[in-house]
Protein chains: 2
Amino acid sequence: MKSRAPRDRSFHKATIYDVARHARVSVFTVSAVVNNNSHVSHTLRRRVENAVQKLNYRPNLLARGLVKRQTHTIGIVVRDIVNPFYPLLVRGIEDAAHKSGYSVLLCNSDDQRDKEEQYLELLLSKRVDGILLNKAPGALSSSLRQQLAEAKVPVVSLMRISRDLQGDAVVTDDAKGAFDAVSHLVRIGHRRVALVSGPLSVSNAKARWNGFCKALERAGIERERELMVEGDYHIDSGYRAGLSLLPLRPDAVFLANYLMTVGFMKAADEIGLRCPEDFGLASFDDYPWLSCFRPRLTTVELPKYEIGSAAVRILLERISGKRSRRALIKLTPELHVRESCGFMLRRSDAQDDYLSPREKTYPASGATAFQGVSQV
Amino acid sequence: MKSRAPRDRSFHKATIYDVARHARVSVFTVSAVVNNNSHVSHTLRRRVENAVQKLNYRPNLLARGLVKRQTHTIGIVVRDIVNPFYPLLVRGIEDAAHKSGYSVLLCNSDDQRDKEEQYLELLLSKRVDGILLNKAPGALSSSLRQQLAEAKVPVVSLMRISRDLQGDAVVTDDAKGAFDAVSHLVRIGHRRVALVSGPLSVSNAKARWNGFCKALERAGIERERELMVEGDYHIDSGYRAGLSLLPLRPDAVFLANYLMTVGFMKAADEIGLRCPEDFGLASFDDYPWLSCFRPRLTTVELPKYEIGSAAVRILLERISGKRSRRALIKLTPELHVRESCGFMLRRSDAQDDYLSPREKTYPASGATAFQGVSQV
DNA sequence: TTGTAGGCGTTATCAA
DNA sequence: TTGATAACGCCTACAA
């Protein structure tokens with residue numbers, strides 16, 4: 001019998017051997033009790049449970065992961081958690097993951113390919129069971145693609161799709177969102193509508209650009225190329241866009257995300273133009289605080305929480321082998337009309353938020369509230 | 001020689017044995033090359049490197065963690081990543097951690113003790129090397145305290161301190177922040193100043209409450225108890241506070257965080273009172289978007305990014321054993337005067353943001369920018 | 001029902 | 001400098 005050296009481990013966390021010895025049973029029995037699989041007689045079970053309690057035993061999940069080849073951990077790579085778009089998305093992920101016994105390793109790629117690859121390799125080394133990826137522009141290195149395939153670590157794309165990542169994806173109908181917003185701008189009388197888009201190398205920026213074009217086309221408005229500028233989703237590019245666009249005095253502007261809107265508003269401030277009196281504005285991404293500061297923004301809201309939870313659902317199906325067909329989930333955005341578009345100027349009897357009464361409820365930011373916020 | 005069974009693993013990730021066999025060396029040599037510790041002859045090193053490359057070998061960090069007893073992973077428990085206060089803090093953590101080769105496991109406690117304990121036990125089981133904890137109100141169970149101590153997993157408290165957690169902590173000078181803000185309100189002429197505080201069971205809410213009181217006292221203003229209400233840091237409590245406070249027509253109000261301010265503004269809207277014309281307002285927590293929407297908020301900014309990176313610094317010192325003395329870092333907040341306090345009403349020649357010219361720069365949200373944003 | 005022993009993929013010790 | 005082999009803590013055939 002090659003029994004483990006029972007050396008002094010009074011200063012170490014208890015192991016399954018310690019428990020076994022304490023309960024005068026074998027490690028098998030302890031394992032069976034802890035994992036609740038094999039049948040264990042009542043007496044032994046009690047002995048084990050007592051020992052577990054007394055020794056404060058907690059199984060070492062590293063060791064378990066090593067033998068079971070799964071860690072119950074998923075990796076999530078987003079551009080930057082500080083971008084207000086991501087927190088709710090990440091929360092949707094974490095909630096869904098936690099509910100299924102998974103933990104979340106958070107990585108910020110800053111939209112840089114090398115950082116992204118570095119993180120992906122790290123996640124692979126840490127043997128995560130799956131990855132949620134908000135891909136940076138550019139293709140994944142073939143070596144990495146191969147490693148992902150060999151290791152059989154499923155990847156679900158978030159918000160963005162790219163040709164080199166042919167797996168599952170959860171996206172939003174960005175073309176429709178942009179189309180709705182711009183159509184609304186046109187409907188209430190704006191003709192010369194400007195666009196500040198995201199980087200066109202990113203699929204959703206492209207889609208929003210297309211939605212913009214389609215809305216103008218549908219309205220029979222010829223688009224003016226100098227009113228369309230490509231930003232990069234950051235504050236500063238919105239600011240620069242504002243400085244270059246506003247002197248052209250468009251009737252309205254559509255911005256592809258919130259951060260650029262912040263920059264754009266700053267530029268308007270400096271130039272001395274006011275929204276919605278001097279120009280109408282609609283943008284992507286809604287936030288709880290948008291309806292109580294002026295101008296109240298007309299926005300296209302994406303179901304961020306849902307995106308996260310849907311992605312986890314797909315990922316776990318993939319991990320458990322329950323899914324074989326490719327999943328491509330496209331969630332529907334929702335237009336929230338407020339006053340920045342200029343709507344209120346034309347219909348003074350209109351109610352705030354007439355399209356989205358839900359906005360009025362002001363849920364707290366607790367978990368239960370999210371469900372209300374983000375259900376589509 | 002009890003050599004490992006060389007069974008078919010063409011569909012598994014390569015192990016150190018595969019590399020060793022491929023390079024015709026022992027596992028020791030491979031390990032030595034990979035970790036770059038022992039001296040390995042040039043030829044063998046080349047052979048190993050080639051094999052590593054060819055097999056796409058990446059060491060299994062689970063196995064390594066098991067034997068080295070450290071995972072290079074830290075856990076971080078915050079109330080809720082969706083609360084806009086946390087993303088920048090978390091980013092500060094992740095950046096600092098990543099720079100030192102650590103990964104971050106993200107947990108949302110929703111400020112609930114049971115959820116918090118559940119996560120802490122999980123983190124312990126996953127054998128994180130340390131924990132950053134934004135403590136929920138209430139004491140830690142003694143069992144958990146004991147486990148943390150036994151496992152020698154250091155914990156650094158974030159933002160909040162509690163009697164039962166006598167370890168390191170990184171906090172902000174909340175009393176001073178509140179004092180400065182309220183003193184400013186008083187200085188520009190407000191006499192009846194209301195307070196919406198956070199939950200007094202939380203140390204920083206208490207500190208802000210005290211700072212408020214001290215400022216009034218210093219100004220020789222008697223405080224009116226009915227103008228002081230205790231909220232819970234969520235939007236809805238700010239909303240309710242607004243509904244009950246505003247009819248009392250205070251000159252100004254000081255709110256202990258941003259979420260409650262959002263709710264408060266909503267209430268003001270509904271009641272039909274305007275800021276700063278009808279009441280002055282100052283609150284905690286500054287955000288990049290606050291200076292381009294009306295009313296522009298006068299805020300007390302906490303160095304969120306710095307809090308995160310400082311906490312990681314302490315934690316890593318603790319992990320590496322370089323620190324023995326208790327660290328209690330208190331970072332200094334900074335008052336950003338804008339127009340919600342009513343300042344501009346009285347000095348029409350005043351410049352926006354005269355106290356914080358840095359605000360004007362609008363950094364992108366990339367990592368480098370943060371450093372600029374958050375340096376104290 | 002319970003125990004034994006081998007293996008998961010590393011690192012580390014001790015010889016060679 | 002290298003190699004063989006014992007931990008690390010757990011799960012799990014296979015035996016009893």
Side-chain angles (χ1 to χ4, degrees), chain A residues 1-9 11-21 23-48 52 55-72 124-127 151, chain B residues 1-9 12-48 52 55-72 124-127 151:
Chain A
M1 171 180 131
K2 190 191 69 172
S3 76
R4 304 280 175 128
R7 61 210 175 67
D8 178 39
R9 45 193 357 155
F11 279 112
H12 272 320
K13 257 187 101 63
T15 75
I16 200 173
Y17 278 90
D18 300 320
V19 178
R21 196 177 319 123
R24 305 187 315 277
V25 298
S26 76
V27 291
F28 168 84
T29 309
V30 179
S31 180
V33 169
V34 167
N35 298 301
N36 199 33
N37 35 22
S38 303
H39 277 300
V40 175
S41 69
H42 191 65
T43 36
L44 287 199
R45 152 157 279 134
R46 286 304 295 264
R47 293 227 300 269
V48 169
V52 163
L55 297 181
N56 254 330
Y57 171 72
R58 311 229 86 219
N60 181 331
L61 264 24
L62 280 187
R64 177 182 293 176
L66 187 57
V67 22
K68 306 257 300 192
R69 295 162 180 288
Q70 59 171 320
T71 53
H72 283 269
L124 244 23
S125 286
K126 296 219 169 184
R127 297 298 190 266
Chain B
M1 172 180 125
K2 192 190 65 172
S3 77
R4 302 279 176 126
R7 60 210 175 69
D8 178 38
R9 48 197 351 161
H12 272 319
K13 257 188 101 63
T15 76
I16 200 171
Y17 276 90
D18 299 321
V19 178
R21 196 177 318 122
H22 200 91
R24 307 188 312 279
V25 297
S26 75
V27 290
F28 168 83
T29 310
V30 178
S31 180
V33 169
V34 168
N35 297 299
N36 198 34
N37 35 22
S38 303
H39 276 300
V40 175
S41 70
H42 191 65
T43 37
L44 286 198
R45 152 157 281 137
R46 285 304 295 265
R47 293 227 300 268
V48 170
V52 164
L55 298 181
N56 254 331
Y57 171 71
R58 311 228 87 219
N60 182 328
L61 263 24
L62 280 188
R64 177 182 293 176
L66 186 58
V67 25
K68 306 254 303 190
R69 295 163 179 288
Q70 59 172 318
T71 53
H72 283 270
L124 244 23
S125 284
K126 296 220 168 183
R127 297 299 190 265

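Chain letters run A, B, ... following the sequence lines, proteins first and then strands; every chain starts at 1.
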Rounded distance in Å - NZ (B:Lys68) to P (C:dT13): 10 Å

When you measure from the side chain of A:Arg58 to the backbone of B:Ser125, do you find a donor-acceptor pair of N or O atoms at a distance under 3.5 Å? no

Just how far, in rounded Å, is C1' of C:dA12 from CD of B:Gln70? 15 Å

Could you tell me the separation between the CZ atom of B:Arg64 and the CG atom of A:Leu66, rounded to the nearest 0.5 Å? 13.0 Å

To the nearest Å, how far apart are A:Asp18 CG and D:dC10 C1'? 13 Å

Between C:dG9, D:dC10, D:dT12, which nucleotide gets closest to the side-chain atoms of A:Tyr57? D:dC10

Selected nucleotide, minimal atom distance to B:Leu66 side chain, candidates C:dT2, D:dG3, D:dG9: D:dG9

When rounded to the nearest 0.5 Å, the distance separating CZ of B:Arg47 from NE2 of B:His22 is 11.0 Å

Atom pair CD (A:Gln70) and CG (A:Leu61), whose distance is rounded to the nearest 0.5 Å: 10.5 Å

The nucleotide from D:dG9, D:dG3, C:dG9 with an atom nearest the side chain of B:Ala63 is C:dG9

Looking at D:dC11, C:dT2, C:dT10, which one has an atom nearest to any side-chain atom of A:Asn35? D:dC11

Given C:dG9, C:dT2, D:dT2, the nucleotide with the shortest approach to the side chain of A:Ser26: C:dT2

For the pair made of CZ in B:Arg69 and C1' in C:dT10, what is the distance, rounded to whole Å? 13 Å

In whole angstrom, give the distance that lies between atom CG of A:Asn60 and atom C1' of D:dC11. 13 Å

A:Arg64 has a side chain; which of D:dC11, C:dG9, D:dT12 sits nearest to it? D:dC11

The side chain of A:Asn37 is closest to which nucleotide in this list: C:dT2, D:dT12, C:dT10? D:dT12

Note: for B:Val40 and A:Phe28 on DNA chain D, the residue whose nearest nucleotide lies more 5' is B:Val40

Classify the nucleic acid contact of B:Arg58 as base, sugar-phosphate or nothing, counting any heavy atom under 4.0 Å across all strands shown. sugar-phosphate

Is B:Ser41 touching bases, backbone alone, or none of the nucleic acid, heavy atoms closer than 4.0 Å? sugar-phosphate

Evaluate side-chain contact (heavy atoms from CB on, under 4.5 Å) for B:Tyr57 paired with B:Val34, printing each intermediate quantity in order. CA-CA 10 Å; B:Tyr57 171 71; B:Val34 168; 3.9 Å; yes

Atom-pair distance (CZ on B:Arg21; C1' on D:dG3), nearest Å: 16 Å

Name the nucleic acid region contacted by A:Leu62, choosing base, sugar-phosphate or nothing; use a 4.0 angstrom heavy-atom cut-off, strictly under. nothing

Check: B:Asn60/A:Arg69 side-chain N/O donor and acceptor closer than 3.5 Å: no

May I ask you to say what B:Leu61 touches in the nucleic acid, namely base, sugar-phosphate or nothing, with a heavy-atom cut-off under 4.0 Å? nothing

Whole Å only: how far is the NZ atom of A:Lys126 from the P atom of C:dT10? 15 Å

Interatomic distance, A:Leu124 CG vs C:dG9 P [rounded to whole Å]: 14 Å

Would you indicate, yes or no, if D:dG3 has its OP1 or OP2 atom less than 4.0 angstrom from a side-chain nitrogen or oxygen of B:Thr29? yes

Side chain of A:Ile16 only, heavy atoms from C-beta on: which candidate in D:dC11, C:dT2, D:dT2 is closest? D:dC11

NA contact type, B:Val27, heavy-atom cut-off 4.0 Å: base, sugar-phosphate, or nothing? base

